[in-house]
Amino acid sequence: MTVESTAARKPRRSAGTKKSPSPKPELVQLLTPEGKRVKNAENAMYDKYVADLTPEDLRGLYRDMVLTRRFDAEATSLQRQGELGLWASLLGQEAAQIGSGRATREDDYVFPTYREHGVAWCRGVDPANLLGMFRGVNNGGWDPNSNNFQLYTIVIGSQTLHATGYAMGIAKDGADSAVIAYFGDGASSQGDVAESFTFSAVYNAPVVFFCQNNQWAISEPTEKQTRVPLYQRAQGYGFPGVRVDGNDVLACLAVTKWALERARSGEGPTLVEAYTYRMGAHTTSDDPTRYRGDEERQAWEAKDPILRLRQYLESENHADEGFFAELETESEALGRRVREAVRAMPDPDHLAIFENVYADGHALVDEERAQFAAYQASFADAEGGK
Amino acid sequence: MTVESTAARKPRRSAGTKKSPSPKPELVQLLTPEGKRVKNAENAMYDKYVADLTPEDLRGLYRDMVLTRRFDAEATSLQRQGELGLWASLLGQEAAQIGSGRATREDDYVFPTYREHGVAWCRGVDPANLLGMFRGVNNGGWDPNSNNFQLYTIVIGSQTLHATGYAMGIAKDGADSAVIAYFGDGASSQGDVAESFTFSAVYNAPVVFFCQNNQWAISEPTEKQTRVPLYQRAQGYGFPGVRVDGNDVLACLAVTKWALERARSGEGPTLVEAYTYRMGAHTTSDDPTRYRGDEERQAWEAKDPILRLRQYLESENHADEGFFAELETESEALGRRVREAVRAMPDPDHLAIFENVYADGHALVDEERAQFAAYQASFADAEGGK
Amino acid sequence: MAEKMALAKAINESLRKALEADPKVLVMGEDVGKLGGVFRVTDGLQKDFGEGRVIDTPLAESGIVGTAIGLALRGYRPVVEIQFDGFVFPAYDQIVTQLAKMHARSLGKVKLPVVVRIPYGGGIGAVEHHSESPEALFAHVAGLKIVSPSNSSDAYWMMQQAIQSDDPVIFFEPKRRYWDKAEVNTEAIPGPLHKAQVVRAGTDLTLAAYGPMVKLCQEVADAAAEEGRSLEVLDLRSVSPLDFDTIQASVEKTRRLVVVHEAPVFFGSGAEIAARITERCFYHLEAPVLRVGGYHAPYPPARLEEEYLPGLDRVLDAVDRALAY
Amino acid sequence: MAEKMALAKAINESLRKALEADPKVLVMGEDVGKLGGVFRVTDGLQKDFGEGRVIDTPLAESGIVGTAIGLALRGYRPVVEIQFDGFVFPAYDQIVTQLAKMHARSLGKVKLPVVVRIPYGGGIGAVEHHSESPEALFAHVAGLKIVSPSNSSDAYWMMQQAIQSDDPVIFFEPKRRYWDKAEVNTEAIPGPLHKAQVVRAGTDLTLAAYGPMVKLCQEVADAAAEEGRSLEVLDLRSVSPLDFDTIQASVEKTRRLVVVHEAPVFFGSGAEIAARITERCFYHLEAPVLRVGGYHAPYPPARLEEEYLPGLDRVLDAVDRALAY
Ligand SMILES: Cc1ncc(C[n+]2csc(CCOP(=O)(O)OP(=O)(O)O)c2C)c(N)n1
Ligand SMILES: Cc1ncc(C[n+]2csc(CCOP(=O)(O)OP(=O)(O)O)c2C)c(N)n1
Ligand SMILES: [Mg+2]
Ligand SMILES: [Mg+2]
């Protein structure tokens, strides 16, 4: 049996980019894991985007994160109960999603992956609607245009090109809306993502690429995708890249606002890398104990996005017991509502197979639908006849 | 009729990368357009790779470029005479190709596009063999493994992944060979090229990406592919990128040697952008007067790669009249030999359609071959019967 | 107003008309701008409609189709050019997984009126990847419509209809017919996009083809007529959907069918037509449906393409074989 | 030595044996290392053979296949995993244009012994893109060989043969059968890779299938037997080439053929089989070749897949219809 110990030659000295200094700050953080506000010169250009948040605003962000987490937990348990076939949990990524989601304007357009439940929440998509595809009753259960929130995209990276094209359209229309495209650290390797960087740069499209680097692509750590920090990818395409503490909702909000403003004002694309952690399994089908230890998770637990904002709210007296208690009640109600909505979700009509294959119809679909209907009717007849 | 004047919003201020300083020098040049040797501190790290070239070596490079140009001109005229269906001329890119080609070692492996006639020459591929595919008698007329020179690849960018995989194999074997992958400025937009950057960086594969930026992808100028210099693309993937004067054979030789040495010594991939110009049409089917003016071409004529080396050779007394005269004779002989070889190239046997579709055979191919043979024989019979 | 026009010019005029009629129509692709495309199909359009409507894209087919999808989501109607058949595959994922399925995925909320133009087929003596006929690889995929005109008039009208369609349409242009001239009545009202046409009536056998092979089949019918055989020729025009009703009606009359296409026979359009028509006309057929097409081999170098492609003799041979049953 | 093994485990053992026997064999793909693949087909292989032989790749299918081609050029024999059927399309260009054609392009000088493993098909209640059957999209392309085992023993041996083949092989693994156990005699000498097998003899009608549908066809034959009908069941095993000789021999006996696959009927394998068998057995067939497969619609959400996929009743219905002729 041949056993080799390494996959590839290791660089004798560290790789090429050491000469190009990283932009400052290397990680935008406005709230420490302990819940302290960070203010310094390096952060100032971002800080101004959250400087005038009121206590109510801050409580709102907290509420968003708590409800998102509660919804996510409910979905996970619905999967365990067999109500859903699968669930992709966002646990740990609440700040990245709520921060960036709350930075968007109503007329902006969002292109998510399959994990952006927090962003969907910010966009006003009914959480229950997100569950249809995981239950298997549809492949996308909301109208993308009602909330300018595209359907979940499962094939990795594809949506970044759609986002870029949409942004090109905004530019053509002379509108000042912007687009935000979500993708993961794993997705950064897909050719489509690279092509979306090229197109958006060449056409100076108003799009923000928001990469949630949650350290893992199923079982593969980010080192299997890149040997330098991902935010640096952007500079070689001619637009800026910024790494933000993805567990810091204020920093995510600020940096995304800044990037969206760049887009609106004709400065083109930006890459934001939200440095965060996937606290749970990749999906309910995954078993992370096969590929990662518990220490890593524990280290990230100390950086929990919800806890740190709570500490800040409390230390600043921005929220009292009543607020937290009420939110607890609201959470439970949300969980209940979602649970009931899912259980009540009807199975689709069998003929739905043939619906919406084409907008203008197709002779073969018509033919097959008719055959199928006749075939099904033959059983009904048979049963009826008994 | 709606007429818009711009394709996209223009950036209000120049795009993102202005903060990251470009590596020094911005363009590696060791020989000016006037044929003067450039020596300075910035160039020193490259200069050492050509410091010990003898006058004979220099004459060799000159000879390579002249013969390549002569061959290329012959092919163009063979196309005009109807002997070839198409030709993709390298006119203007001789220095980029001879410089980089001569930097390779016999055990290195080359992955070309369809325009690397000069590199093929350096690898010892018989020029006449390059013409088979342009004549339409085959899709690749040489054994890639005889000279470690892959077949021409027409689908843009594909070969960069093959090169990366090959380089991964070299690393696995523990060999100290390296790979060089050629591609164009247009190709830089293809997802495959981006993926080859990702794979080569992650596996630290010994590969040099050699991009001949000849300013045009058929009718599209490089600005349609990128808004920053192409060599900068590499840094975001974690390896160095260098721009070299692609019309300076010494600089191309030096920079490629440096990059290949990095690969051999375990430092992984490098991107070299050879800044050059496609002096002719994209191919013999193309009509560049539709999309570019003559001034540009004239400006580049002043930077001709062959002329500048000749001036240097003459000013240093490295070559005399006899050398140039002899080379002239050799050129003509080469042209003649190629012309005769092409004219003598037999059409392939009809049954070649069915050859080499599979290495281990395929029942359907056997069946169709037999039917085809019988069908063709029926004509022969019919004719014989007359 | 009828005018003689080359097929490429007819498409050019059709694109021009669409660009004029609807500000949401865009033309995108590699070299479609100043150059007017390598076949000049988009000649002059950028000059007249500007770089905002006729867009030279980066060299990346997945990017072209992917951004066209995004533009369609924004309300545009992009007409995308793939430079040659063999270069569509980098965009294959975006086409079959996104373009084809987004309407269904969104339960009908999203429409993607994108036309993907692909000059296809051989016979022009080109190098590798410039002569392929990949239509079957798209027809198997639900959500796409696949058409291919055979003449200038259809090219003009079918392009109008494709652009107006709210479904994605893969528009295969028979490149070897680009220079063939025929009358185009730009004021005629065309029949439905996906309806086949009987381009020559006959009684002994039906020849069914589309795109570049229709002209060949007409020549075959001429040659057969000299031998006293009356062949009916169908121009299918649409590969998805296939107009089985028209084929069936013809075969019920002639009782024999030969399908001709440039694409390889194995898993090609002819297979689907043969299978379904045999089912529909089982008691009518006097002979099995025969297929004439490319072999199960990569498209060969130019000097062999005449042997590889269906030609007059090979189709006549199939006709003879079918008639011999 | 025969052992009961799940199909996934049989492939795992086969890969292990190949990795042991030939240092040039590599296993590559997303999550094939520590995780052992999402279906655990590569479980334990990286632990035993190291990261140099069992390689977790970046998340980029074109890159996986493209670098596998490069590794094959260097003398390696990569076995590549595509995580699910619907994710093969980003690699489609590298597969159909490079992997399939490089042997011919090089006039036989280059061989590319690359195996592309694709877990395919539905029936596992998955989300979109995880249940497709794209084999026809590869079978149309010359230069590729396409196989699909239906049981553990074939899975074991066909993988051995695929790895030994000097041609690229697309190896479609019937994911819904991964957990089905059957005997695997790891010392048996297998028949040729591309030969179909009569897995049940019968006289009234032939059912032809491959991969996940073979088991269904056996159940259909059981059910039909109760009604006094004797069905012959063929496990085709190979989609390119198709073993028409074996099908023909069976149909000459039974005079009726029903082809079953999960992939959409339109332009699917059944079309090619119907067309060719009708040609070969024109005077033997008592009924048209009938096809049972998916509809011309995107693979539906899980709660509809039972209706979409061929099931016992639908196949029996086709059998009845064929027998009614
Ligand atoms: C093209 C494609 N290949 C493979 C997969 C299977 N897959 C689903 S999620 C995933 C990992 C994605 O990682 P990342 O981009 O980091 O996002 P995350 O799941 O961490 O949010 C993979 C490989 C897919 N969905 N699409
Ligand atoms: C995938 C693909 N798309 C389109 C083409 C058509 N095409 C051939 S060469 C070319 C331009 C290539 O430009 P560049 O990469 O700069 O190389 P150059 O020709 O300038 O050497 C194009 C678009 C192709 N060969 N492959
Ligand atoms: Mg991730
Ligand atoms: Mg170029």
Please name the pair of heavy atoms, one in [X] and one in [Y], separated by the smallest distance, quoted to 0.1 Å.
X: S189(A); Y: T198(B); value: OG-CG2, 3.6 Å
X: T226(B); Y: V202(A); value: N-CG2, 3.6 Å
X: R227(A); Y: P269(B); value: NH2-CD, 4.0 Å

Using the rule given for side-chain contact (heavy atoms from CB on, under 4.5 Å), can you reason through Q235(B) versus Q232(A), listing the C-alpha separation, both sets of side-chain angles and the distance that settles it, and then say yes or no?
CA-CA 8 Å; Q235(B) 49 184 317; Q232(A) 296 180 7; over 6 Å; no
Winner by heavy-atom pair count (cut-off under 4.5 Å) against chain A, out of E195(B), Q225(B), E223(B)
E195(B)
Here the gap from R233(A) atom CZ to F197(B) atom CZ, rounded to the nearest 0.5 Å, amounts to 10.5 Å
Using 0.5 Å steps for rounding, measure from the OH atom of Y237(A) to the CG atom of L230(B).
10.5 Å
